[in-house]
Amino acid sequence: MSKEQSYNKTISRVEGKDLILERVFDAPHELVFKVYSESEHLENWWGPQGWKTENRRFEFKPGGVWHYCMRCTDKNQGDFYGQESWGKVVYHEIVAPEKIVYTDTFSDEHGHLNESLPGVLTTMTFVEYEGKTKLIIRGQYASVDDLQKVKDMGIVEGFSSQMDRLEDYLKQI
């Protein structure tokens with residue numbers, strides 16, 4: 001059963017243990033792909049509003065690792081201010097400029113996985129759409145419970161905020 005929701009311009013739906021997120025950007029798919037594939041671009045927009053990303057390691061190739069930290073820099077976010085969220089991505093498949101497949105997990109500052117939080121196998125598809133780009137992200141979780149856990153953590157709202165930042169960034173470059 002799928003229930004579709006819209007957060008601003010981001011559409012989300014759940015299919016079993018998969019979370020599908022879609023957003024259309026007024027930019028060529030080659031450019032949208034590029035801002036996902038280059039470290040200096042990711043640091044400028046990755047993460048929700050009020051968070052700054054620092055890339056500790058970035059190897060955009062199959063088998064490569066992206067280890068990063070998001071820090072809340074917005075004092076208006078209350079208890080979140082100053083918090084860090086470390087992540088580790090391992091890339092599996094890259095088909096420029098159309099698809100990126102990777103595993104995304106929570107980690108610590110040294111890159112050790114946080115086993116208490118769910119990881120996700122993510123497939124990103126960059127589709128040319130009426131002169132724009134439709135980004136389709138399918139996150140496959142190990143279980144419905146894992147998916148619910150990240151939904152309860154605010155993944156859909158956080159992702160929508162992050163996509164707003166990406167949209168703004170694409171207008172700047």
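Keep in mind that the numbers below use all heavy atoms, side chains included, and drop hydrogens, waters and symmetry copies. No experiment lies behind these values; they were computed from the predicted model shown.
- Salt bridge status for Lys88 with Asp108: absent, with no side-chain N to carboxylate O gap under 4.0 Å.
- In this structure, Asp146 CG and Lys17 NZ are separated by 9.5 Å, a value rounded to the nearest 0.5 Å.
- Smallest separation of non-hydrogen atoms from Ile137 and Phe159: CD1-CZ, 3.2 Å.
- For the atom pair OG1 (Thr53) and CZ (Arg71), the distance works out to 9.5 Å, reported to the nearest 0.5 Å.
- Residues Phe126 and Pro97 form no side-chain contact, since every pair of their non-hydrogen atoms from C-beta on lies 4.5 Å or further apart.
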Working note: Leu19 + Ile155, criterion side chain to side chain contact (heavy atoms under 4.5 Å, CB included); need CA distance, chi angles, decisive distance, verdict.
CA-CA 10 Å; Leu19 175 62; Ile155 191 171; 3.9 Å; yes

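- Counting non-hydrogen atoms of neighbouring residues, nucleotides and ligands closer than 6.0 angstrom, the CD atom of Glu84 exceeds 12 such neighbours.
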Hey, mind stepping through Lys52 and Asp74 against salt bridge (charged side-chain N to carboxylate O under 4.0 Å, His left out) and telling me if it holds?
CA-CA 9 Å; Lys52 176 75 178 133; Asp74 180 0; over 6 Å; no

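- Under the 4.5 Å side-chain heavy-atom criterion for grouping Ile, Leu, Val, Met, Phe, Trp and Tyr, Ile173 is connected to Leu135 within one hydrophobic cluster.
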Decide side chain to side chain contact (heavy atoms under 4.5 Å, CB included) for Leu121 and Val101; before the verdict, give the C-alpha distance in whole Å, the side-chain angles of both, and the deciding distance to 0.1 Å.
CA-CA 7 Å; Leu121 177 62; Val101 180; 4.0 Å; yes

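- Within the 3.5 Å criterion, the main-chain N or O of Glu40 finds a donor-acceptor partner in the side chain of Asn44.
- Connection of Ile20 to Met153 is not established within any shared hydrophobic cluster, with ILVMFWY side chains joined at heavy-atom distances below 4.5 Å, either directly or through further cluster members.
- For Arg165 (side chain) and Gly47 (main-chain N/O), a donor-acceptor pair under 3.5 Å exists by modelled atom type.
- Atoms OG and CD, on Ser39 and Glu59 in that order, are 11.0 Å from each other to the nearest 0.5 Å.
- Hydrophobic clustering (ILVMFWY, side-chain heavy atoms < 4.5 Å, transitive): Phe33 and Ile136 are in distinct clusters.
- Linking ILVMFWY side-chain heavy atoms closer than 4.5 Å, directly or via other members, places Val150 and Val89 in a single hydrophobic cluster.
- For the pair Ala27 and Thr133, the tightest heavy-atom approach, listed with the atom from each and the gap, is O-OG1, 2.5 Å.
- The CG atom of Asp26 sits 9.5 Å away from the NZ atom of Lys9 when rounded to the nearest 0.5 Å.
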Worked check of side chain to side chain donor-acceptor pair (under 3.5 Å) between Thr123 and Arg138
CA-CA 5 Å; Thr123 301; Arg138 177 178 288 269; over 6 Å; no

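- In this structure, the ring of Trp46 has its center no less than 6.0 angstrom from the ring center of His41.
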Step by step, work out the side chain to side chain donor-acceptor pair (under 3.5 Å) result for Asn114 and Ser116.
CA-CA 6 Å; Asn114 182 338; Ser116 67; 2.6 Å; yes

Stepwise side chain to side chain donor-acceptor pair (under 3.5 Å) test for Glu167 and Trp45
CA-CA 9 Å; Glu167 184 173 74; Trp45 66 267; over 6 Å; no

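- Ile11 and Val127 sit in two unconnected hydrophobic clusters of ILVMFWY residues. Membership requires side-chain heavy atoms under 4.5 Å apart, directly or through other members.
- Under a 3.5 Å cut-off, the side chain of Thr105 and the backbone N or O of Gly119 do not form any donor-acceptor pair.
- Between the side chains of His112 and Ser107, no donor-acceptor pair of N or O atoms lies under 3.5 Å.
- Checking side-chain atoms of Glu30 against main-chain N and O of Ala96 turns up no donor-acceptor pair under 3.5 Å.
- Summarising the geometry of Met70 relative to Pro48, their closest heavy-atom pair is SD-CD, 4.1 Å, with the distance given to 0.1 Å.
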Hey, mind stepping through Asp152 and Gln148 against side chain to side chain donor-acceptor pair (under 3.5 Å) and telling me if it holds?
CA-CA 6 Å; Asp152 291 346; Gln148 189 60 50; 2.7 Å; yes

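- For Asp79, the CG atom counts as loosely surrounded, since its 6.0 Å shell holds 12 or fewer non-hydrogen atoms of other residues, nucleotides or ligands.
- Across every non-hydrogen atom of Leu21 and Ser12, the tightest pair is CD2-CB, 3.3 Å.
- Of the inter-residue distances, the one linking Met124 atom CE with Ile100 atom CD1 reads 5.5 Å to the nearest 0.5 angstrom.
- Taking each heavy atom of Gln77 and Trp51 in turn, the nearest pair found is OE1-NE1, 3.0 Å.
- A 4.5 Å side-chain heavy-atom check between Leu42 and Trp66 finds at least one atom pair inside the cut-off.
- Aromatic ring centres of Tyr68 and Phe58 lie farther apart than the 6.0 Å criterion allows.
- The backbone N or O of Asn55 sits less than 3.5 Å from a side-chain atom of Glu43, completing a donor-acceptor pair.
- Distance alone, capped at 3.5 Å, is enough to place a donor-acceptor pair between the Ser161 side chain and the Gln49 backbone.
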Side chain to side chain contact (heavy atoms under 4.5 Å, CB included) assessment of Lys151 paired with Val14
CA-CA 10 Å; Lys151 284 183 67 186; Val14 171; 3.8 Å; yes

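- Counting heavy-atom neighbours within 6.0 Å of Tyr169 OH, excluding the residue itself, gives a total above 12.
- Side-chain atoms of Thr73 come within 3.5 Å of backbone N or O of Gly50 as a donor-acceptor pair.
- Under the 4.5 Å side-chain criterion, counting only non-hydrogen atoms from C-beta, Lys134 is not in contact with Thr125.
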Kindly determine whether Asp18 and Tyr141 satisfy side chain to side chain contact (heavy atoms under 4.5 Å, CB included), including the steps that lead there.
CA-CA 6 Å; Asp18 292 1; Tyr141 290 85; over 6 Å; no

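- Residues Gly16 and Leu147 come closest through the heavy atom pair O-CD2, 3.7 Å.
- The residues Arg13 and Glu15 are annotated as salt-bridged, a charged nitrogen and a carboxylate oxygen being separated by less than 4.0 angstrom.
- Taking the side chain as every heavy atom from C-beta outward, Gln172 and Leu170 never approach each other to under 4.5 Å.
- To the nearest 0.5 Å, atoms OG (Ser37) and CZ (Phe60) are separated by 4.5 Å.
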